S.K.: 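The structure is given below, and queries will be raised subsequently.
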Amino acid sequence: MYNNKTMGSNKTIIINLNNLEHNLNLIKNKIGEKEIVATLKGDAYGHGLINIFKFLKSKKINYFGLSNIEDAKTLKKIDKNIKILMYIKVDKKEIKNLIKFELVPFVADFEYLFSIEKECALQKNKIKVHLKIDIGMNRYGIKIDDALEIATYIQNSKFLELEGVCSHLPSTENFKTTQKQIEQFLFFLETLKQKNIHPKFVHISNSGHIINYKLSPQFNMVRPGLILYGYCQSPKNKKPALNFKPVLSLFSKIIFIKNVKKGEKISYSGIFQAKEDMKIGIIPIGYFDGIPQNISNDFYFLINNKKCKIRGKVCMNLAIVEIPKDLKVKTGSKVEIVSEKLSIDEMSKFSKRSHYELLCNIGKYEKRKYLD
Ligand SMILES: *Cc1c(COP(=O)(O)O)cnc(C)c1O
């Protein structure tokens, strides 16, 4: 696997834990007494699973959301008392580990439940589960019409405890759709109540729901991801209500400087042709590092707070920028690619890639420096 040793220090990823704490506090203020499940899937959105976990645990977060069982085992080996919600169905051969490591799976079908019960019987143990309801995402989750039957089954099983009932909102940017889906979910909760089924936790909120909606008091747990890492997506024409701070920064440096004459072309396929003589800087960072190639030629990085336009195609491990006439640089000059001054918001708008995708790609495989 790649790390700084094999890459040299051509790039530095800095994870600012103060900003993570700032974001966590904003979330706490918004939600009040509800329980927080910190979503750490995708290597904590490219921020590094273990370090982010340890930091949040030190800030009294006790619930964590994951989609990969290997990650769950890793965290449980660090602290067996923390609670882990497994957002998606685990592979059949891993079901024994759900029970062994006391993980809390999201469940949505009988076949999975039967396998879990069988393992519980073998291990002479019980398990807590959260029933995942599909209210329009059409992803992992049981359709609402079939949910009562399965909830009743769990309620009556001697191996299963229905600790939670939850759902996931597909389009929080659309108020109308979201309101309708929440009403359906609340209606289902009412049905459960009438059947005397009272799960301890009810939850539906991702980042987009937490920041843009008034949260119903029935929801006593929330599952933020993106906002922890400092970004939020607000409905069109609406400014984000909270001032989240980006946690991840990415820096590189100029390794080579040269002059280009008017009319010369730069990088593959010559999509950039110099309109005048100019100076360019070569930066050892490319799409291998998660920089989307479609920002070629027009987006910019910052050197000494000055915008330096990318010229020509971004390559696998290199990008080229134009050095403005009034900017003094030398080899080794620091280049800001993602930072508080140049956030993923800009790159996301420009490349039409989501914040999620960019963070995962940029944060991947990298030795990171943690500031606290
Ligand atoms: C990823 C995920 C979340 C967090 O989503 P954000 O939009 O990052 O807040 C919450 N719940 C489930 C089930 C998820 O898969």
Side-chain angles (χ1 to χ4, degrees), residues 19-20 23-24 26-28 30-31 34-49 52-53 56 61 63-69 71-72 83-90 103-109 112 129-142 147 163-174 177-178 181-182 185 201-213 215 219-235 240-242 244-248 343-345 348 353-363:
N19 286 1
L20 179 60
N23 299 335
L24 179 63
L26 289 181
I27 297 169
K28 282 184 182 163
K30 173 79 210 295
I31 64 168
K34 303 179 198 302
E35 192 75 56
I36 294 177
V37 184
T39 299
L40 300 185
K41 68 187 185 207
D43 201 19
Y45 292 46
H47 293 63
L49 175 69
I52 298 298
F53 163 70
L56 290 172
I61 297 296
Y63 285 84
F64 300 91
L66 290 174
S67 53
N68 177 326
I69 190 142
D71 291 348
K83 311 272 197 289
I84 292 180
L85 304 189
M86 292 306 303
Y87 285 174
I88 49 182
K89 200 171 172 177
V90 306
L103 306 174
V104 181
F106 282 11
V107 296
D109 68 279
Y112 194 34
V129 300
H130 288 208
L131 180 60
K132 177 84 185 291
I133 314 280
D134 177 9
I135 51 170
M137 181 82 171
N138 267 323
R139 206 173 59 173
Y140 183 48
I142 183 135
E163 187 196 47
V165 171
C166 61
S167 190
H168 192 56
L169 293 162
S171 26
T172 53
E173 70 285 355
N174 185 329
T177 307
T178 300
Q181 288 167 338
I182 289 176
F185 186 65
F201 293 119
V202 176
H203 49 107
I204 198 166
S205 309
N206 57 5
S207 295
H209 189 237
I210 294 169
I211 57 164
N212 295 313
Y213 292 76
L215 306 183
F219 304 142
N220 55 0
M221 184 175 244
V222 297
R223 307 187 305 267
L226 192 65
I227 48 177
L228 278 170
Y229 309 102
Y231 293 100
C232 57
Q233 293 173 316
S234 281
L242 299 171
F244 292 102
K245 291 183 182 172
V247 175
L248 179 146
S343 83
I344 293 265
D345 285 331
S348 172
R353 301 280 192 87
S354 72
H355 294 74
Y356 299 86
E357 192 181 340
L358 293 173
L359 285 174
C360 286
N361 287 339
I362 288 172

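Each ligand, and each atom within it, is numbered from 1 in the order the structure gives. Worth saying up front: this structure is predicted, and the values here are computed from it rather than measured.
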S.K.: Show me, by chain and number, every protein residue that has a heavy-atom distance under 4.0 Å to ligand 1.
M.R.: T39, K41, Y45, Y87, R139, H168, N206, S207, R223, P224, G225, L226, Y356
S.K.: For residues T39 and Y87, is any side-chain donor paired with an opposing acceptor at under 3.5 Å?
M.R.: yes
S.K.: Output all residues satisfying side-chain hydrogen bond (donor to acceptor under 3.5 Å, both in side chains) with D109, sequence neighbours left out; order by chain, then residue number.
M.R.: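 In terms of side-chain hydrogen bond (donor to acceptor under 3.5 Å, both in side chains), with neighbours along the sequence ignored, D109 is linked to K89.
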S.K.: Rounded to the nearest 0.5 Å, how far does CG of L26 lie from CD1 of I227?
M.R.: 8.5 Å
S.K.: Hey, can you tell me if H209 and F219 have their rings parallel, tilted or perpendicular (30° and 60° cut-offs)?
M.R.: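 Perpendicular.
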S.K.: F106 and Y140: aromatic ring centres closer than 6.0 Å?
M.R.: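 Here the rings of Y140 and F106 have centres that are no less than 6.0 Å from each other.
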S.K.: Rounded at 0.5 Å granularity, tell me how far CG in L66 sits from CD1 in I88.
M.R.: 10.0 Å
